[in-house]
Novice: 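Supplied in structure tokens, the structure appears directly below.
What you see is a predicted model; the values in this text were computed from it and never measured.
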Amino acid sequence: MADKSEERSCCESESCCEVGTKPKNTKQNVWQSPWIPSIFSFIILFVAILAEDKVPFNVFGINGWLFVYLLAYSFVGFPVLNTAWKLIQKGEVFTEFFLMGIATIGAFAIGEYPEGVAVMLFYTIGELLQHGAVSKAKNNIQALLDIRPNQARVIKAGNPYLVKPENVEEGEIIEVRAGEKVPLDAQLLSKGGTFNTAALTGESLPAEIKEGEEVLAGMVNLEDLISLRVLRPFDESSLQKIILTVKEATSKKAKTEQFIRKFAKIYTPIVFYMALALVIIPYFVLEDYAFNDWLYRALVFLVISCPCALVISIPLGYFGGIGAASRKGILFKGSNFLDGITRVNTVLFDKTGTLTKGVFSVEKVETLPNALTDWTVLAASVEANTNHPIGQAIVRHINSILLPVDSLKEFPGKGLKGQVNNRSILVGNRLLLENQHSLQVPAESDPNKTIIYCAIDGVLCGYFVLADEIKHDAKAAFTSLRKLGIQQLMVLSGDKKEVVEALGKELNADEAFGGMLPEEKYAKIEAIKKDPDKIVAFVGDGINDAPSIAAADVGIGMGGIGSDLAIETADVVIQTDHPSKVALAFEIGKATKRIVWQNIALAFFVKFLVLSLGAAGLAGMWEAVFADVGVALLAVLNAIRINYLFK
């Protein structure tokens with residue numbers, strides 16, 4: 001998943017999962033299982049405890065059962081001691097391996113053989129269980145995203161050839177049969193198709209894709225044989241970018257995670273010296289000082305102090321949160337953003353394509369006096385050079401043969417200017433026309449509609465009246481965000497003021513600002529961030545939103561997994577067009593943080609309680625084992641609960 005250090009388990013050394021384990025992909029038979037040493041150790045320990053009193057024997061004047069206990073210890077203890085020694089050579093002395101080694105060797109030194117073996121045995125079992133939980137969390141994420149087909153059916157000279165997707169070039173024709181995964185991002189050449197996109201977007205309903213539209217790698221063809229033209233090579237596919245994004249997510253740590261790792265570095269040596277003091281200080285203050293009793297208490301103290309419950313369960317909680325979000329079509333680019341989204345109290349939304357469907361339709365065309373008869377064709381010719389939904393709607397409505405455009409210039413958030421047949425064509429909103437030609441634009445009959453004007457050679461010819469439909473779950477998204485504690489919800493848009501304000505009112509937004517250029521949105525975010533109490537998230541879907549997404553404390557890209565902007569700029573990527581998933585991202589973040597802090601509270605409470613009892617001589621090795629291994633396992637179980645909360 002991430003770098004090698006992430007494959008390890010607890011404490012700053014991050015290597016306790018190496019104990020008794022094999023490399024991840026090594027094929028093993030039953031005798032190579034990492035559990036075999038623990039099983040042998042348990043059997044020998046069990047037999048020794050039952051038989052020691054009934055069958056006593058000596059070897060060279062020494063209790064012969066010591067050697068049996070040492071044999072049981074060797075299966076689980078020597079790997080730990082070996083790891084501790086290697087880390088000491090690297091300068092890492094105060095690790096959980098060192099603590100466990102000192103504690104168990106000390107137990108043998110004072111004749112507590114069964115407890116010495118039992119502590120190391122249950123510690124090793126706990127580490128194996130924890131390692132299994134971490135591996136499962138990581139593998140769940142990998143299995144979720146590693147849905148790349150391992151072959152593509154390329155058509156050459158009318159014949160199909162199976163090749164690796166990595167070897168398919170842009171522009172080649174491929175076929176995908178019913179039930180097969182699409183291997184690369186491609187344009188659909190067949191009349192239409194139905195695709196299962198659940199692995200990419202978390203959506204259970206099939207997607208209908210028409211001829212000429214884009215089909216993404218990882219989608220499953222549900223019906224007939226289809227033909228596609230490859231749009232980009234494998235390494236540049238949307239699916240590959242998503243996989244790399246989630247793989248890299250584990251390398252970006254949340255502040256809580258970073259703090260715990262730093263805390264463990266300081267906490268472990270402090271506890272060691274406290275245990276040492278527990279042996280030495282009573283010698284100077286007690287008349288009936290018994291070395292073995294106080295050494296035993298110190299050893300219990302060391303076993304309890306191991307910080308594994310904290311250091312393993314916290315990363316596991318974040319792994320679980322990232323995996324749960326991925327299954328719902330939400331990509332967090334790091335646990336730092338999963339943590340950061342919980343602190344957001346102000347959310348700003350773009351309008352077109354984010355809160356509205358972005359599928360405009362022309363409701364009316366008004367032609368003014370003195371207009372050229374072909375002004376609508378000239379306007380559509382200019383608009384054909386943009387991917388903006390408004391321009392596409394105008395082109396669809398005119399549905400005519402378009403003319404070539406020269407000297408095209410775009411005015412972000414306003415419109416376009418170009419030369420067609422030596423005529424200067426200006427197509428855009430009221431602000432563009434008034435600024436460019438000081439034209440007197442007539443009053444609008446419907447201020448809540450989007451109006452796009454066209455002027456030719458400085459003469460206003462007419463305008464298009466367009467409407468955009470609000471997404472069905474936009475209002476629910478705002479309601480959910482309110483319930484999750486978001487204090488301020490705002491809409492920022494380049495669309496005209498009246499349209500944006502009407503939408504804001506419908507969604508119950510606190511404020512709605514229209515007629516904003518990209519740089520004005522950016523400036524608005526920067527102004528809000530000057531208030532130290534405001535933590536800002538911005539949700540957008542278009543290339544014009546890139547500055548705002550980057551400026552926000554948490555940038556959220558939305559509008560389909562094919563958006564390079566969303567993958568590259570945003571901190572959180574919503575892989576579908578549903579605003580409700582923005583609220584779900586907040587909910588997953590808050591649930592993850594809640595579980596992480598539950599684990600922290602559980603670990604500290606139990607450890608300090610048993611540490612106090614151990615120092616007073618009221619807790620023995622068995623209680624110490626629970627405080628270490630037992631609490632760690634409870635924390636792990638709590639951490640993986642996130643996967644079941646958001647199935």
Side-chain angles (χ1 to χ4, degrees), residues 195 197-198 200-210 213-214 216 325 328-331 347-363 387-393 396 448-450 466-484 486 488-496 498-514 516 521 537-545 548-549 552 554-563 565-566 570 572-588:
F195 298 86
T197 67
L200 298 177
T201 65
E203 292 300 312
S204 58
L205 294 177
E208 300 289 340
I209 297 180
K210 300 176 182 178
E213 294 182 341
E214 186 173 357
L216 298 175
K328 296 295 184 179
I330 303 166
L331 297 182
V347 182
L348 287 66
F349 284 85
D350 171 51
K351 170 187 162 287
T352 305
T354 302
L355 295 173
T356 63
K357 293 183 177 179
V359 182
F360 284 84
S361 59
V362 177
E363 294 187 344
N387 290 323
H388 195 283
I390 288 177
Q392 294 174 343
R396 285 196 306 271
N448 292 334
K449 302 290 185 181
T450 298
L466 300 98
D468 186 14
E469 187 179 348
I470 187 172
K471 291 181 179 178
H472 72 279
D473 61 337
K475 195 166 186 177
F478 273 55
T479 302
S480 297
L481 287 169
R482 295 279 189 201
K483 291 179 180 178
L484 290 168
I486 302 302
Q488 193 168 26
L489 292 167
M490 301 169 62
V491 181
L492 309 181
S493 177
D495 209 341
K496 67 180 185 178
E498 293 83 0
V499 173
V500 180
E501 288 179 348
L503 176 67
K505 186 176 181 180
E506 184 175 354
L507 296 176
N508 194 29
D510 296 293
E511 293 182 276
F513 299 92
M516 301 189 77
K521 293 181 184 179
F538 180 83
V539 188
D541 74 312
I543 193 166
N544 289 337
D545 296 324
S548 300
I549 289 175
V554 177
I556 303 176
M558 192 181 79
I561 60 177
S563 170
L565 169 70
V572 184
V573 179
I574 308 296
Q575 297 176 184
T576 67
D577 292 317
H578 299 105
S580 57
K581 289 203 172 181
V582 175
L584 181 59
F586 277 81
E587 189 178 351
I588 291 173

Novice: So, taking the atom named CG in Leu481 and the one named CG in Leu584, what distance separates them when rounded to the nearest 0.5 Å?
Specialist: 10.5 Å

Novice: Using every non-hydrogen atom in the two residues, find where Val362 and Ala393 come nearest and quote the distance to one decimal.
Specialist: CG2-O, 3.8 Å

Novice: So do the side chains of Ile330 and Val572 get within less than 4.5 Å of each other, counting heavy atoms only?
Specialist: yes

Novice: Is there side-chain contact between Pro389 and Thr352, with at least one heavy-atom pair below 4.5 Å?
Specialist: yes

Novice: Asn508: which residues meet the side-chain contact (heavy atoms from CB on, under 4.5 Å) condition with it, sequence neighbours left out?
Specialist: none

Novice: Name all residues meeting the ring-ring contact (aromatic ring centres under 6.0 Å, His included) criterion together with Phe538; count only those two or more places apart in sequence or in a different chain, and write none if there are none.
Specialist: none

Novice: Identify whether the distance between the nearest side-chain nitrogen and carboxylate oxygen of Glu506 and Lys475 falls below 4.0 Å.
Specialist: no

Novice: Could you check if a side-chain atom of Phe349 sits within less than 4.5 angstrom of a side-chain atom of Leu492, using non-hydrogen atoms only?
Specialist: no

Novice: Please list, chain by chain and in numerical order, all residues satisfying ring-ring contact (aromatic ring centres under 6.0 Å, His included) with Phe586, sequence neighbours excluded.
Specialist: none

Novice: Looking at every heavy atom in both Leu507 and Phe478, which two are closest together, and how far apart are they?
Specialist: O-CD2, 3.5 Å

Novice: Is the shortest side-chain N to carboxylate O distance from Lys521 to Asp350 below 4.0 Å?
Specialist: yes

Novice: When you measure from the side chain of His578 to the backbone of Ser580, do you find a donor-acceptor pair of N or O atoms at a distance under 3.5 Å?
Specialist: no

Novice: Quick check against the 3.5 Å criterion: does Lys581 have a side-chain atom that pairs as donor or acceptor with the backbone of Lys328?
Specialist: yes

Novice: Looking only at heavy atoms, which two atoms of Ala570 and Ile549 are closest? And how far apart?
Specialist: CA-CG2, 3.6 Å

Novice: I'd like to know if the side chain of Arg482 and the backbone of Gln488 have a donor-acceptor N/O pair within less than 3.5 Å.
Specialist: no

Novice: If you define the side chain from C-beta out and look only at heavy atoms, does anything of Val582 sit under 4.5 Å from Ile556?
Specialist: yes

Novice: According to side-chain contact (heavy atoms from CB on, under 4.5 Å), who are the partners of Glu213, at least two apart in sequence or on a separate chain?
Specialist: Ile209, Lys210

Novice: Could you tell me which non-hydrogen atom of Lys449 sits nearest to which non-hydrogen atom of Leu466, and how far apart they are?
Specialist: CB-O, 3.7 Å

Novice: Using the side-chain contact (heavy atoms from CB on, under 4.5 Å) criterion, which residues pair with Glu498? Sequence neighbours excluded.
Specialist: Pro447, Asn448, Lys496

Novice: Looking only at heavy atoms, what is the nearest atom pair of Arg396 and Phe360, with distance?
Specialist: NH2-O, 2.9 Å

Novice: For residues Asp541 and Met558, report the shortest heavy-atom separation together with the two atoms involved.
Specialist: CB-O, 2.5 Å

Novice: Could you measure the distance from the CG atom of Asp510 to the CE atom of Met490? Nearest 0.5 Å is fine.
Specialist: 8.0 Å

Novice: Please enumerate all residues that pass side-chain contact (heavy atoms from CB on, under 4.5 Å) together with Lys357, with sequence neighbours excluded.
Specialist: Val359, Asp468, Glu469, Lys471

